[in-house]
Every structure is written in structure tokens, then in C-alpha cells.
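Structure first, commentary second.
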Amino acid sequence: MMTRQLLFTGIALIMVSCSNINPFFGEWDTPYGIPPFEEISDKDYLRAVKFGIHQQAAEVDAIIAKDAEPDFENTIAAYEHSGKILDRTCGVLFNLAESDATPSLQKVMGKVIPLLTEHSDNIFMNPYFFERVRKVYDTRYDAGLTGEQIKVTEKLYNQFLSNGVSLDAAGQARMREINRALAELEQDFGNNLLSETNAFSLLLTDSVEIAGLPDQVLHSAEEEARAAGISPRDAARLKGISEDTVAPGGPWVFTLHNASYVPFMTYSSNRALREKMFKAYSSRGNNGNDRDNKDIVVKIIALRIEKARLLGYDTPAEFILSDKMAGTPAAVDSFLDRIFRSGVARAGEEVADMQAIMDSDIASGILPDDSTSVIRPWDWAYYAERVRLGKYALDETAVKPYFRMENVRNGVFEVAHRLYGVNIEKIDSVPSYHPDVETFRVSDADSSLLGILMTDYYPRNTKRGGAWMTNFRNQEISEDGEDIRPVIANVANFTKPAAGQPSLLTLDETATMFHEFGHALHGLLTKCTYKDVSGTGVARDFVELPSQLNENWAFQPEVLSMYARHYETGETIPDSLVTKIRQSGKFNQGFMTTELAAASILDMRWHELTSVYVPADSPYASSVPAPEGAEPAYLKVNGRKMPTGTSGELRVIDPVKFEECMMKDAGLIDEIIPRYRTTYFNHIFKSGYNAGYYSYLWAEVLDKDAFELFMKKGIFDRKTAMSYLRNILEKGGSEDPMVLYRNFRGAAPDPDALLRARGLE
């Protein structure tokens with residue numbers, strides 16, 4: 001058996017011999033510690049992960065072997081500083097697996113996930129390591145620790161408990177199987193969704209098909225066709241038509257990526273094509289092919305239920321919420337119910353407004369006068385835009401020229417400068433993982449480095465949908481006292497510029513850019529000692545506060561005057577348009593609130609199950625028999641057990657039927673579907689928001705309450721901004737979130753702030 005000293009020596013020798021071969025083995029001699037992307041090949045990841053696992057395992061062994069009594073420094077801090085190679089490798093690998101997931105990288109992830117899962121289990125089921133951590137935990141209030149050290153200790157201690165360290169050998173063995181299976185299934189879910197999204201495209205060739213679509217939207221669709229290599233001749237062949245019938249400017253290609261899908265659904269007057277696009281979008285993962293996610297969903301939920309019950313909880317929701325601000329499923333259900341009912345009530349009014357316009361289309365002969373001419377989900381975006389144009393004379397095609405991507409980004413940066421004194425400057429000639437990426441140095445008022453920000457805004461087939469902030473490197477204070485500043489990316493899927501055209505953002509995309517930069521500020525401005533609580537290392541239902549608060553500045557008149565300039569003339573957005581934007585700020589909030597709350601409720605219902613097996617007479621039973629000995633499920637809503645069936649043979653739950661029943665029971669109207677349906681709900685089946693999608697609404701109570709203070713004091717009031725910086729952004733997860741919020745606000749948040757902001761009070 002190799003001694004620990006020999007093992008460390010061996011590791012050091014391997015690192016020296018391999019540092020010129022594998023870029024993860026040595027420190028990066030790059031500007032600001034940006035990963036040397038050009039030097040990294042896919043084959044480097046697996047080797048680096050394996051090596052990093054061995055390195056951290058040896059470091060944990062060394063912690064356990066210490067003769068000294070466990071204390072924070074020799075146990076908790078020692079673990080915090082372990083695993084540097086593994087952190088470095090995963091910081092790149094996991095981020096690129098989301099933003100540039102080539103088939104080769106997906107294969108790498110398939111090999112790496114089981115290794116990392118086993119490594120995590122080896123650490124957090126180690127009774128000897130846990131005993132040292134437990135001793136520090138038990139004496140944490142008497143050992144003179146800082147508040148941050150107490151939080152780090154508690155977080156590490158709870159990781160052990162959540163991973164089953166207190167289970168017997170059989171329980172731990174089963175927990176290992178569950179963790180490995182979940183990691184692989186969640187990865188499969190995401191891969192399937194990306195493939196499903198990429199598999200569909202809508203090819204258009206004639207003027208009837210493109211009716212209503214603005215020139216800017218068509219330019220992007222032309223670019224999409226060119227990128228796909230589809231010429232007029234190809235399009236004619238694919239559609240079985242003559243080439244000379246392809247309309248000038250065509251062909252056009254629309255995809256299910258939001259930057260293409262949303263404008264099509266908003267402006268296309270071709271109802272049949274809107275329906276086709278909607279059904280393709282809303283059926284992703286539910287098409288009975290090799291990318292179908294229904295079976296994966298059932299397996300994920302079954303394993304999460306089993307894991308929760310192993311740990312002593314009735315449901316996954318109870319387990320997941322035990323350390324969140326909300327605390328219990330009943331608290332979340334009650335919170336969502338009130339918001340959902342307010343949203344649905346307003347959405348009913350919005351349907352009536354849209355139906356009135358549809359009726360005028362019927363009267364003018366545009367639509368047939370029959371039972372099909374009622375508002376359906378594929379009509380909402382189109383008729384809502386027409387209502388907005390009628391009520392507020394706000395035509396987004398007239399607004400978009402003032403929202404060039406680069407100008408909006410400058411506005412986002414300027415707001416941060418005005419509030420917190422930070423400076424952001426573009427830097428060139430630094431490593432980058434994709435040509436679309438731009439990099440910025442973020443510094444404090446004294447020019448000291450705060451961090452590096454990368455922006456990666458445009459869609460591609462290797463990038464998952466949505467928008468997010470991520471860390472390539474976390475902020476922390478190193479063992480020798482150096483403040484390691486973070487390397488952060490904002491990733492999105494905004495409208496990509498067509499040839500010779502700028503990227504002009506929608507109002508929603510503009511709000512999204514402000515949102516994601518709010519997350520970035522949380523990561524960039526943090527001043528913690530330990531990486532596990534720095535930046536966004538906070539409770540899931542607190543993490544959206546900085547992002548959503550930052551959105552509030554986007555359309556303030558004095559902010560618009562800073563950045564909203566016509567991309568051709570340089571003219572500042574006129575007051576008349578600013579007024580229209582402001583007046584329409586609460587428009588369509590019934591729909592937006594309802595679809596978001598519906599998705600949150602759907603998430604909770606899945607995670608309030610105690611089993612995926614239901615009686616055969618249940619309305620959401622599939623035709624697949626349950627295994628012998630399976631127990632029927634129940635939902636736990638607002639603290640009440642709600643049976644899912646009464647009698648008969650047990651069947652496996654059907655995800656589609658379950659979703660339909662849950663949405664009907666909740667009171668969702670036919671004209672709206674949840675923002676994410678089960679089979680493409682990436683947030684809860686892959687990205688860690690399971691029993692946590694409510695966080696967006698929960699945090700919105702905080703952000704609207706916080707912004708009311710800014711509105712009262714002045715949106716650029718320096719004292720208020722500095723209080724928010726010191727008490728929220730710099731603190732990360734180093735203290736209890738409600739303590740942090742009260743320290744900033746001086747009081748608990750007003751629960752009605754969200755409804756007031758959305759006009760739903």
C-alpha cells in the first residue's frame with residue numbers, strides 16, 4: 001500500500017511530467033487566469049477529471065489522518081481548498097457542455113458524470129471525514145468562528161446528511177446507485193431536449209407563408225436558411241415546387257430556438273403555420289422517438305422519491321425545501337396559489353380583448369366564422385401584440401432599432417457604474433471558447449480587479465435554450481491570502497445579426513440581458529473567503545433576487561436615455577416611445593404570471609408525489625403495469641394528502657396525463673400552457689431547480705419590495721446602492737438570506753409588492 005507521502009510525491013511528479021500535455025494540470029499563464037480554451041481538446045477532460053479525483057481523494061485522506069483535534073482550519077477550510085485540478089477542469093467542462101455541447105463533448109460528459117458522482121459519494125459517505133466535520137459543526141458557536149465560517153460548516157455538514165452518511169451500509173449502497181442513475185438520466189434529458197429543439201425547422205418559400213413577418217425577422221430567417229446551406233433550388237426540391245415559385249428573398253427557415261420561434265409566433269398572420277410551430281415547440285420530448293423524455297421523467301421522479309424516503313422525508317419537495325427560505329411545500333403551494341389565481345383572473349380579461357380582435361378578423365373574412373375561430377395557445381402572442389398596438393400604439397418593430405445589442409449592453413454596464421462605481425472595459429487578444437464570445441475586465445472605482453465577464457449572446461445548435469450566468473472560476477481567498485477573482489459568463493440566445501445587419505433586441509431580450517447581468521454582479525462583486533458561499537452560492541429561492549432586481553432599471557426613462565439610441569441615426573429614443581414602453585409595462589401580465597406560476601405548480605406537483613405508481617382507475621395512469629409491491633402515490637398540497645386514485649391494479653404514471661390533470665385541477669385556462677411542459681422542463685429535470693422553480697416568483701417579492709426603496713430614494717441613490725452592495729451582493733451566502741435582506745431593507749419584504757408591480761393587486 002502506498003503511503004500518503006509517497007502518494008503526494010507521485011501526484012506531484014505526474015503533474016510536472018504532464019503539465020505540458022494536459023492544460024488542466026498546471027496553472028494557466030493566461031491574462032486574468034482565463035482558461036486557455038484554444039489549448040484544450042476534448043480528450044484532455046477525462047484524464048484531468050480522473051487525475052483530479054485522485055488528487056482530491058488524497059487530500060481528504062490527509063484531512064482524516066490529522067492527529068490534531070478537528071477545527072475549522074484543519075478540517076473545513078482544508079476541504080474548501082482541496083480539489084483544485086478538479087475544480088479547474090469541471091469549471092470549463094460543465095460550462096461548455098451547456099453552451100457548446102458538441103457530440104464529442106456530450107460523449108465526454110457521458111464518461112465523466114459517473115466518475116464524478118462516485119467521487120462525491122466517496123467523500124460524503126465517508127464516516128471518518130464526517131466525524132471530523134461533525135465535531136466542528138457541534139462546536140461551531142463556541143469556537144470563535146465568523147458568521148461565514150459557521151455557514152460554510154453548516155453547508156458542508158448538511159451535504160453529508162443529504163447524501164446519506166447516516167444510512168446503514170445497504171442504504172448507502174442504494175444511495176450510490178440512485179445518485180449515479182439520476183446524474184446519467186438528467187444528462188440524457190438535457191441531451192434529448194437539445195436534439196429535439198434542433199430536429200425541427202420550418203422552411204418557407206412563398207409570400208402567403210411569410211405574411212405579417214417584419215423585414216428584420218425575415219432577414220434573420222434568410223440567414224438561417226443560408227447557414228443551413230438551403231438555396232432556392234434546394235428549397236424548391238425539398239418542397240416539391242418549381243424554383244421560380246420561390247418568392248424573392250427566400251427561402252426562409254424558422255427554428256424552435258426562442259430567437260426564431262418567438263418573433264414568428266408574434267408576427268406571423270398565417271394561423272396554420274403558427275399552430276404547426278406551436279405544436280412542434282410544445283411537444284418536444286413527447287414524440288415517441290429516441291429523444292422522447294417521458295420515460296426519463298418517470299425514472300427521475302421515482303429515484304428522487306426513493307432518495308427522499310431514504311433520508312426520512314415523505315416527498316422530494318419536503319427534502320429539497322428543508323434548507324430553503326420557503327421551508328415547506330405547504331408554504332410554497334400557498335404562495336403560488338394566490339399569485340396563480342390573480343394571474344388567471346387577469347388572463348381571462350386579456351383573452352376577451354384578443355377575442356374581440358379575432359372577431360373583427362372573422363367579420364372581415366380573414367378567418368372563417370366557425371367553432372375554430374377562438375383564441376388558442378398558438379394565437380396568444382400574435383393577438384396580444386395586436387392588442388398592445390391598439391391600446392398603446394406600441395409597435396415593437398418600431399422600437400427595436402433603438403435596442404441594438406451593443407448599446408443595450410453599454411446601458412447595462414453604465415447602470416452598474418452609476419450604482420456601484422464599477423468600470424467595465426472590453427479586452428481583446430484573450431482566450432475564447434467561441435467567436436461569438438466577447439470579454440470584459442470589471443474593476444472597482446480604484447481600478448482594482450473585480451473579475452472577468454464573458455458575454456455569449458447568440459444561439460447555435462450546440463447551445464441549450466434560455467439564458468444563464470455561470471462561473472468558470474469562483475471567487476475565494478486562497479490559502480496564502482490571495483483574493484482569487486471570478487471568471488464569469490453571461491450566456492443567452494438573443495436575435496443573431498443577419499448579414500450586414502445589427503442584432504436588434506426585443507424588449508424581452510433587453511430585460512433578459514439586465515437579468516443575467518444581475519446574476520453576474522452577484523458573482524463579480526462578492527467578497528467572501530470561501531468559494532462554497534461566495535457569489536451565487538446562496539439558497540435557490542434567494543439567488544434570483546440580484547438578477548430580477550437588476551431588471552427594474554432596464555426601462556426607467558433616465559436609463560433608456562443612456563443607452564437606447566437608433567442604430568442608424570444615433571438618435572436617442574424619443575419621449576413618445578419611452579412613454580408607450582412605460583405605459584405598456586404591465587401589459588399581458590395575466591398571461592406571463594399565469595404561465596410562470598403554472599410551471600411552478602407543475603414542478604411542485606411532480607415533487608409532491610410519494611410514488612410514480614397509481615391505481616389503474618386514476619385519470620393519469622398509463623397502460624404500463626407497476627411492479628409487484630409498488631405503493632400508490634398521493635400528492636401533499638397545502639399540508640393535505642390528496643389521493644391519486646382509489647382502487648384497482650397499479651399502473652405507472654403517464655407524464656402527459658399527469659400534467660393535464662394537475663393543470664386542470666389548478667384552474668389553468670385552455671388558452672395558456674405552462675411556460676415549460678414536463679418533457680422539456682429542463683430547469684427541474686436537469687438544471688437543479690427541482691421543487692424550486694417557484695424561486696423566480698418568490699424572489700420577485702423581494703426584488704419588487706427592494707426596488708420600491710430605490711424608487712423612493714432615487715433609482716441611483718448612492719447610499720441605497722451601497723447598502724445593497726454591502727449587504728447582498730458582497731455577502732453571497734455567508735449569512736442567512738432573510739438576515740441579509742433585512743439588513744439592507746430595514747424590514748421584512750411586503751408580500752404584496754409582486755402583485756403591485758405586475759398590476760394584479
Can you tell me how far CD of Gln159 sits from CG of Leu156, rounded to the nearest 0.5 angstrom? 6.0 Å

For the atom pair CG (Leu549) and NE2 (His522), what is the distance rounded to the nearest 0.5 Å? 11.5 Å

I'd like to know if the side chain of [X] pairs up with that of [Y] as donor and acceptor (distance under 3.5 Å, no hydrogens or angles considered).
X: Thr117; Y: Asn179; value: no
X: Asn474; Y: Asn471; value: yes
X: Gln548; Y: His515; value: no
X: Arg176; Y: Asn122; value: yes

Begin from the C-alpha positions of Glu476 and Ser534 and carry the test side chain to side chain contact (heavy atoms under 4.5 Å, CB included) through to its verdict. CA-CA 7 Å; Glu476 64 176 322; Ser534 72; 5.7 Å; no

Between [Y] and [X], is the closest basic N to carboxylate O distance under 4.0 Å?
X: Arg464; Y: Glu98; value: yes
X: Asp87; Y: Lys531; value: yes
X: Glu608; Y: Lys641; value: no
X: Lys84; Y: Glu59; value: no
X: Arg309; Y: Asp314; value: no
X: Arg742; Y: Glu735; value: no
X: Glu148; Y: Lys731; value: no
X: Asp603; Y: Arg605; value: no
X: Lys66; Y: Glu73; value: no

For side chain to side chain contact (heavy atoms under 4.5 Å, CB included), just list the numbers for His519 and Glu516, CA-CA rounded to whole Å, side-chain angles, deciding distance to a tenth of an Å, and then say yes or no. CA-CA 5 Å; His519 281 310; Glu516 297 307 332; 3.4 Å; yes

Considering residues at least two apart in sequence or located in another chain, which fulfil the salt bridge (Lys or Arg N to Asp or Glu O under 4.0 Å) criterion with Glu544? none

Under the rule for salt bridge (Lys or Arg N to Asp or Glu O under 4.0 Å), what residues qualify as partners of Asp444, not counting sequence neighbours? none

Please report the shortest heavy-atom distance between [X] and [Y], naming the atom on each side.
X: Ala599; Y: Tyr676; result: CB-N, 4.0 Å
X: Thr526; Y: Glu730; result: OG1-O, 3.6 Å
X: Ala489; Y: Phe472; result: CB-CE1, 3.9 Å
X: Ala183; Y: Ile113; result: CB-CG2, 3.2 Å
X: Leu310; Y: Gly171; result: CD1-O, 4.2 Å
X: Tyr79; Y: Ile63; result: N-CD1, 3.6 Å

Specify whether [X] and [Y] have parallel, tilted or perpendicular ring planes, treating 30° as the upper limit for parallel and 60° as the lower limit for perpendicular.
X: Tyr313; Y: Phe319; value: tilted
X: Trp606; Y: Phe685; value: perpendicular
X: His683; Y: Tyr696; value: perpendicular
X: Tyr724; Y: Phe744; value: perpendicular

Could you tell me whether [X] atom [atom1] has more than 12 heavy atoms of other residues or ligands within 6.0 Å of it?
X: Asp480; atom1: CG; result: yes
X: Asp168; atom1: CG; result: yes
X: Lys155; atom1: NZ; result: yes

Answer yes or no: is there a donor N or O on one side and an acceptor on the other, between the side chain of [X] and the main chain of [Y], under 3.5 Å?
X: Arg473; Y: Arg485; result: yes
X: Thr139; Y: Asp142; result: no
X: Gln172; Y: Val165; result: yes
X: Asn163; Y: Phe160; result: no
X: Arg304; Y: Pro316; result: no
X: Asp100; Y: His434; result: no
X: Ser82; Y: Gln56; result: no
X: Asp483; Y: Ile477; result: no
X: Asn74; Y: Pro70; result: no

Tell me if the centroids of the rings in Phe124 and Phe129 come within less than 6.0 Å of each other. no

Between Phe335 and Tyr694, is the ring centroid distance below 6.0 Å? no

Check against salt bridge (Lys or Arg N to Asp or Glu O under 4.0 Å), Asp532 and Lys151: CA-CA 9 Å; Asp532 271 359; Lys151 277 295 178 186; over 6 Å; no

Among Leu182, Val612, Leu185, Asp188, find the one that has a side chain to side chain contact (heavy atoms under 4.5 Å, CB included) with Lys299. Leu185

Strictly by salt bridge (charged side-chain N to carboxylate O under 4.0 Å, His left out), give each pair with a member in residues 108-137 just once, sequence neighbours left out. Glu131-Arg134, Arg134-Asp138

Would a 4.5 Å heavy-atom cut-off, applied to side chains only, mark [X] and [Y] as touching?
X: Tyr680; Y: Asn192; answer: no
X: Leu729; Y: Pro546; answer: yes
X: Tyr32; Y: Leu449; answer: yes
X: Met109; Y: Tyr45; answer: no
X: Pro23; Y: Ser41; answer: no
X: Ser547; Y: Met469; answer: no

How far apart are the C-alpha atoms of Ile653 and Tyr613, what are their side-chain angles, what is the distance that settles it, and do they pass the side chain to side chain contact (heavy atoms under 4.5 Å, CB included) test? CA-CA 6 Å; Ile653 204 166; Tyr613 308 117; over 6 Å; no

Does the ring of Tyr689 carry Arg540 above it, NZ/CZ under 6.0 angstrom from centre and within 45° of its axis? yes

Is Arg745 close enough and on-axis enough to Tyr741, meaning under 6.0 Å and within 45°, for cation-pi? no

So which of Tyr157, Phe130, Phe72 actually passes ring pair (Phe, Tyr, Trp, His ring centres under 6.0 Å) with Tyr137? Tyr157

Test side chain to side chain contact (heavy atoms under 4.5 Å, CB included) on Val152 and Val533 and set out the steps. CA-CA 7 Å; Val152 172; Val533 295; 3.8 Å; yes

